[in-house]
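Data first, discussion second: the structure below is written as structure tokens.
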Amino acid sequence: MRITKVYTKTGDHGKTRLAGGQQVWKDSLRVEAYGTIDELNASVGVVRVMNTDMTNEYEEAKQLEEELRWVQNKLFDIGSILATAPGQTFKNMPQVIGKDITRLERLIDRCQEDLEPLKEFILPGGGKISGFLHQARTVCRRAERLCVRLSREEPVYPTIIKFVNRLSDTLFVLARWVAKTQGEPEYLWERNV
């Protein structure tokens, strides 16, 4: 794919085109779903920017960079699948498959080995990187809700919903893991404060 011109003026009246050419309103549920996946991708990108300074100091920061780069590519795949009109396919169309979900599960399991079991809910925040991972997690949950809602109205590959669901769990565990491995604080919910 080659983009030669950024603006096309085709959206000036509130409509856009899905891959395959179908014209839809920019506030349609499908556009909202892939737009939120794009927002999630940008949030993960911010985490990567924050993590860059730590890659020389912590081996775990290098591991985080590798995993998040892979996640961003998978999110781009999901966005392009969701931006494709139902029933349409194109050459080299990206996929989200079972092994992608398994990769997230293995990452969660590896990180959990370094963590104490939770005794209370965690307040989002702590350090910079873990705080931004928590923010990405909340955007991920919103993206998941939109994908589920869309799936009740139009076809959505089930592996997309599974991947986004597992990714929110992954981002939560990564936030805890970063706090542990990089010496960032982790704040627990204090009931009835």
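In this structure, R30 contributes its side chain and A83 its backbone to no donor-acceptor pair below 3.5 Å. Within the 3.5 Å criterion, the main-chain N or O of V96 finds a donor-acceptor partner in the side chain of T159. Between the side chain of T16 and the backbone N or O of W25 there is no donor-acceptor pair closer than 3.5 Å. A distance-only check finds no donor-acceptor pair linking the side chain of E32 to the backbone of D27 [under 3.5 Å]. Under the 3.5 Å distance criterion, the side-chain polar atoms of T52 are matched with a main-chain donor or acceptor of R48.
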H134 and I122: side chain to side chain contact (heavy atoms under 4.5 Å, CB included), yes or no, with the steps?
CA-CA 10 Å; H134 279 295; I122 295 172; 4.2 Å; yes
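Taking hydrophobic clusters as Ile, Leu, Val, Met, Phe, Trp and Tyr residues chained together by side-chain heavy-atom distances below 4.5 Å, F132 does not share a cluster with L123. Note on V164: it clusters hydrophobically with W70, by side-chain heavy-atom contacts below 4.5 Å among ILVMFWY residues. Taken together through direct or relayed side-chain contacts under 4.5 Å among Ile, Leu, Val, Met, Phe, Trp and Tyr, F90 and Y34 form part of one hydrophobic cluster. Side-chain heavy atoms closer than 4.5 Å link hydrophobic residues (I, L, V, M, F, W, Y) into clusters, and following such links, possibly through other members, connects L118 to V173. Under the 4.5 Å side-chain heavy-atom criterion for Ile, Leu, Val, Met, Phe, Trp and Tyr, F76 and I160 are members of distinct hydrophobic clusters.
Proximity of I161 to V148: side-chain heavy atoms (C-beta onward) are separated by under 4.5 Å at one or more points. When side chains are defined from C-beta on, N51 does not count as touching V178, because their heavy atoms never get closer than 4.5 Å. Y58 has its side chain out of reach of T181: every pair of non-hydrogen atoms, C-beta onward, lies at least 4.5 Å apart. Two residues are said to be in side-chain contact when any heavy atoms from C-beta on lie closer than 4.5 Å; R110 and Q63 fail this criterion. Within the 4.5 Å cutoff, the side chain of L68 has heavy atoms near those of the L174 side chain. Considering only heavy atoms from C-beta on, C111 stays 4.5 Å or farther from K180 through its side chain. Side-chain contact between L75 and L167 is present, with at least one heavy-atom pair separated by less than 4.5 Å.
A distance of 11.5 Å separates OG of S80 from CG of N92, quoted to the nearest 0.5 Å. To the nearest 0.5 Å, the span separating CG on L29 from CZ on R149 amounts to 4.5 Å. The CZ atom of F163 sits 8.5 Å away from the CG atom of D77 when rounded to the nearest 0.5 Å. Note that the CD atom of E60 and the CD atom of Q182 stand 7.5 Å from one another [nearest 0.5 Å]. Between M54 atom CE and K128 atom NZ the span is 9.0 Å, to the nearest 0.5 Å. The CG atom of N73 lies 11.5 Å from the CD1 atom of I78; values are rounded to the nearest 0.5 Å.
Heavy-atom minimum distance, S43 versus V139: OG-CG2, 4.0 Å. In terms of heavy atoms, C147 sits closest to L82 at SG-CD1, 3.8 Å. The nearest pair of heavy atoms linking I108 to R166 is CD1-O, 4.1 Å. Across all non-hydrogen atoms, the minimal contact from W177 to D114 is NE1-OD2, 3.0 Å. A pairwise comparison of heavy atoms in Q95 and I81 identifies CA-CD1, 4.0 Å as the closest pair. Among all heavy-atom pairs drawn from G79 and I37, the shortest one is N-CG2, 4.0 Å.
Contact check on D169 versus R141 returns a salt bridge, with a Lys/Arg side-chain nitrogen under 4.0 Å from an Asp/Glu carboxylate oxygen. Ion pairing of K74 with D100 is present here, as a side-chain N (NZ or NE/NH1/NH2) and a carboxylate O approach within less than 4.0 Å.
Atom CD of Q88 sits in a crowded spot, with more than 12 heavy atoms from other residues, nucleotides or ligands closer than 6.0 Å. The neighbour count for E120 CD, taken as heavy atoms of other residues, nucleotides or ligands under 6.0 Å away, is above 12.
Relative ring orientation between W189 and F121 is described as tilted, the plane-to-plane angle lying within the 30° to 60° band.
For the 3.5 Å distance criterion, the side chains of E65 and T55 fail to qualify, holding no donor opposite an acceptor.
Shown here are the salt bridge (Lys or Arg N to Asp or Glu O under 4.0 Å) partners of E186, two or more places apart in sequence or in another chain: R176. Qualifying salt bridge (Lys or Arg N to Asp or Glu O under 4.0 Å) partners for E59, counting only residues two or more places apart in sequence or in other chains: K62.
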